[in-house]
Every structure is written in structure tokens, then in C-alpha cells.
Number of protein chains: 2
Amino acid sequence: MLSNASKYAIRSVLFLAENSSRIQKFGAKHIATELEIPLHFIAKLLQQLAKAKVISSTKGPRGGFFTTEKDLKNNVCAILDIIEMGDVFEPCFMGLPRCGDENPCPVHHIVSPFKEAILEKFKHQSIAAFSKEIEEEGSYLSLKGIDFGNNSNP
Amino acid sequence: MLSNASKYAIRSVLFLAENSSRIQKFGAKHIATELEIPLHFIAKLLQQLAKAKVISSTKGPRGGFFTTEKDLKNNVCAILDIIEMGDVFEPCFMGLPRCGDENPCPVHHIVSPFKEAILEKFKHQSIAAFSKEIEEEGSYLSLKGIDFGNNSNP
DNA sequence: ACATAAAAAGATAAAATAGTATTTTTTCAA
DNA sequence: TTGAAAAAATACTATTTTATCTTTTTATGT
């Protein structure tokens with residue numbers, strides 16, 4: 001549903017939202033290491049996002065990527081608009097050309113509410129709010145180096 | 001989430017479930033036209049499915065693909081097992097390597113119930129039952145030639 | 001001014017997915 | 001028993017996605 005590019009981009013922006021500021025920037029290398037994603041791949045994505053003003057960046061020594069208050073007013077869809085072309089959630093799960101409420105595919109009534117829920121979040125919830133929710137919920141952008149000590153895998 | 005190959009395969013099998021029998025077979029060409037999918041592509045997929053005994057086929061004149069009572073006892077996951085490699089629904093929506101209930105990604109609690117619902121259907125509902133449901137619900141495998149007469153597009 | 005750190009830009013390569021074409025084999029029916 | 005219809009098998013091409021590498025530009029601290 002989401003391409004790797006989108007997943008990487010979203011996680012990176014949310015990472016910046018949680019950790020960066022005008023005086024606390026992060027290089028592509030740092031982000032790549034932190035989120036365990038390919039350096040050059042994420043670098044290009046971050047550049048696209050910066051160019052489109054979804055995030056901010058400065059060149060040179062002590063430069064890097066960061067988010068401003070204004071950046072945080074964006075939502076996840078703003079990211080997807082840059083990375084993907086066309087609506088990611090538009091196409092029918094079963095591949096029917098004109099699947100919709102009136103002429104549904106066999107799983108339309110299962111897929112449709114899910115799409116709405118995720119779209120609601122991505123479209124109407126600011127990056128700032130999304131980021132805050134992540135903290136409150138205790139969910140993760142990266143599991144790097146985290147050992148939850150579940151003895152299921154010795 | 002599903003590849004085009006999977007979507008084509010599922011729709012084709014459900015089409016056969018609804019329309020075919022031991023004495024009513026369909027050639028790849030017919031199915032391709034009916035479901036508006038590429039002929040040679042679906043032909044290859046149908047061959048794979050027939051080889052794996054998910055559907056049946058006979059060569060020669062009056063031959064074609066069809067489903068037997070036994071075939072209909074399969075479920076959609078049997079199709080996916082042939083076409084895709086690895087679990088289609090396993091990977092995390094956000095791309096976290098070990099996302100799960102204990103260490104969730106930021107959208108885990110939205111995605112998880114959806115995956116369970118669709119997996120329940122694909123895993124535990126027979127093709128026969130799926131097909132029956134399609135008839136009862138009035139949902140579609142193809143919208144070819146169907147004009148719903150909504151005046152939104154004149 | 002100069003060396004350096006970092007982003008920006010561009011070129012290219014590898015892999016996966018999607019789709020096409022051709023040939024061979026099987027089977028039915030005349 | 002032979003011709004044709006259809007699946008089966010094989011080989012190939014194209015496109016998209018993913019990933020890497022190289023060079024250029026910009027800003028900063030000394």
C-alpha cells in the first residue's frame with residue numbers, strides 16, 4: 001500500500017518532529033542509522049521534502065535537517081503528496097477499476113472503513129499532533145537496539 | 001499490499017467459482033476479456049494455479065479452466081501461497097522490522113484489526129462460501145460493460 | 001581566505017514486477 | 001488419423017521501484 005520510500009519518509013519526518021529543532025539538526029547519516037534505513041535513499045527523500053518545504057534544512061558544517069513550528073503544522077498526506085504520485089489509498093484492494101460504495105468489490109466493506117480511518121489520521125492530524133500521540137501511546141518509530149526481553153526467542 | 005498478480009488470480013478463481021463447472025469451462029482468453037486483465041499474464045497465473053491443484057483444467061478443444069467441488073473447498077490464502085512468496089499481511093504498515101502488539105508502530109492499532117479481518121476471510125472462508133457471499137451481497141468481480149447510470153460523468 | 005562538513009544534484013545500477021511473444025504438447029472431433 | 005483448439009512451457013522485453021555512487025554547491029568556523 002505504502003512504498004518503502006513513503007514509509008521511510010514518514011518515519012524520518014516524525015523522528016525530526018520528536019527530536020529536532022532550529023538548533024538541533026540531524027544529518028541524513030544520523031537519521032539513516034537511527035531508523036535503520038539506507039543512507040542514500042533517505043537522503044534523497046529528505047532533499048525532496050526540504051525542497052517542498054515539508055521539512056527544513058541548512059547546508060554546510062553544523063547543517064542538517066530539522067522541523068520548525070510551521071513544518072509541524074503539515075500532515076502526513078503532505079509527505080505522501082511529495083513522495084508518491086496520485087492517491088495511495090484510491091485504488092481498489094481487489095483491482096476493480098471503478099470500485100466504490102455503489103459497485104463494491106467483494107472486500108470493499110472491510111477495506112473501506114480502514115482506508116477512511118488511516119486517511120483521517122494522515123489528512124487531518126498535524127505532524128505535531130501525530131508526534132505527540134506517539135509519545136503518549138508509547139509507540140515506536142524505530143526498534144533499533146531495543147530489547148524487549150521476550151523469552152520467546154532465546 | 002496485494003500485487004496485481006494476486007488481484008488477477010483471486011478475481012479469476014472467484015469468477016470460475018461463480019460460473020464454471022466440469023462441463024462449463026473457460027479459456028484464458030474468455031477470462032481475460034471478462035475481467036479486463038492482460039491475457040498472457042493471467043494465462044500464466046492460471047497455469048500455476050492449475051498445476052498446484054487450486055483450480056482444474058483440461059487441454060484441447062472444449063478445454064479450459066474450471067473449478068470442481070473439491071477446488072471450491074480451498075480458500076483465498078491457497079491462491080496467495082502460489083502467487084506471492086511469503087505472508088502478504090505480515091510486514092508492518094510503517095515498515096518497522098519487529099512491529100507487534102508489544103512494540104507497536106504509530107498506526108498499529110488501526111492496521112491490526114483490518115489485517116485480522118481480511119485474513120480471517122482469506123484464511124478461513126472457503127472459495128465456495130466467498131463466492132456465495134458475493135452473490136448475496138451483490139458485489140462485483142468485474143465492472144466490464146456495467147453502466148450504473150450515475151449522471152456525474154456525462 | 002581557506003578547509004571542511006554537510007546538503008543538493010545528477011548519473012547509474014540492480015532488483016522486482018508487469019507484461020508479451022513464441023513454441024510445444026495434449027486432446028477432442030470430424 | 002489428422003487438423004485445430006486450448007493449455008503448458010519457455011523465453012524474452014519493458015517498466016517501475018529501490019538503491020548506490022559521484023560530483024557540485026553552500027555555509028561555517030578558524
Figure out the NZ/P separation between A:Lys7 and D:dA19, and round it to whole Å.
11 Å
Side chains of B:His108 and B:Asn103 only: does a donor on one sit below 3.5 Å from an acceptor on the other?
no
Between C:dC28 (C1') and B:Arg22 (CZ): distance, integer Å
18 Å
Rounded to whole angstrom units, what separation is found between the CD atom of A:Glu84 and the P atom of D:dT16?
14 Å
Would you mind reading off the distance between B:Asn4 atom CG and D:dT16 atom P, rounded to a whole angstrom?
12 Å
How many whole angstroms separate atom NZ of B:Lys25 from atom P of C:dT26?
17 Å
Classify every nucleotide of nucleotides 7-16 of chain C by which part a protein heavy atom approaches to under 4.0 Å, writing B for the base, S for the sugar-phosphate alone and - for neither, in 5'-to-3' order.
SBB-B-----
Hey, are the side chains of A:Phe41 and A:Ile37 touching, using non-hydrogen atoms and a 4.5 Å cut-off?
no
Taking everything shown except B:Arg62 itself, do over 12 heavy atoms lie less than 6.0 Å from its CZ?
no
Are any of A:Tyr8's side-chain N or O atoms less than 4.0 Å away from OP1 or OP2 of D:dT18?
no
Whole Å only: how far is the CD1 atom of A:Ile37 from the P atom of D:dT17?
19 Å
Regarding A:Glu133 and A:Lys121, does a basic nitrogen lie under 4.0 Å from an acidic carboxylate oxygen?
yes
Taking for each residue the nucleotide of DNA chain D bearing the nearest heavy atom, is the 5' side occupied by A:Pro38 or by A:Arg62?
A:Pro38
Does NZ or CZ of A:Lys25 lie under 6.0 Å from the centre of the six-membered ring of A:Phe66, at an angle within 45° of the ring axis?
yes
In whole angstroms, how far is the P atom of D:dT15 from the CZ atom of B:Phe41?
15 Å
Residues 74-93 of chain A vs side chain to side chain donor-acceptor pair (under 3.5 Å), sequence neighbours excluded, gives A:Ser3-A:Glu84, A:Ser6-A:Glu84
Find the distance B:Leu39:CG to C:dA18:P and express it as a whole number of Å.
17 Å
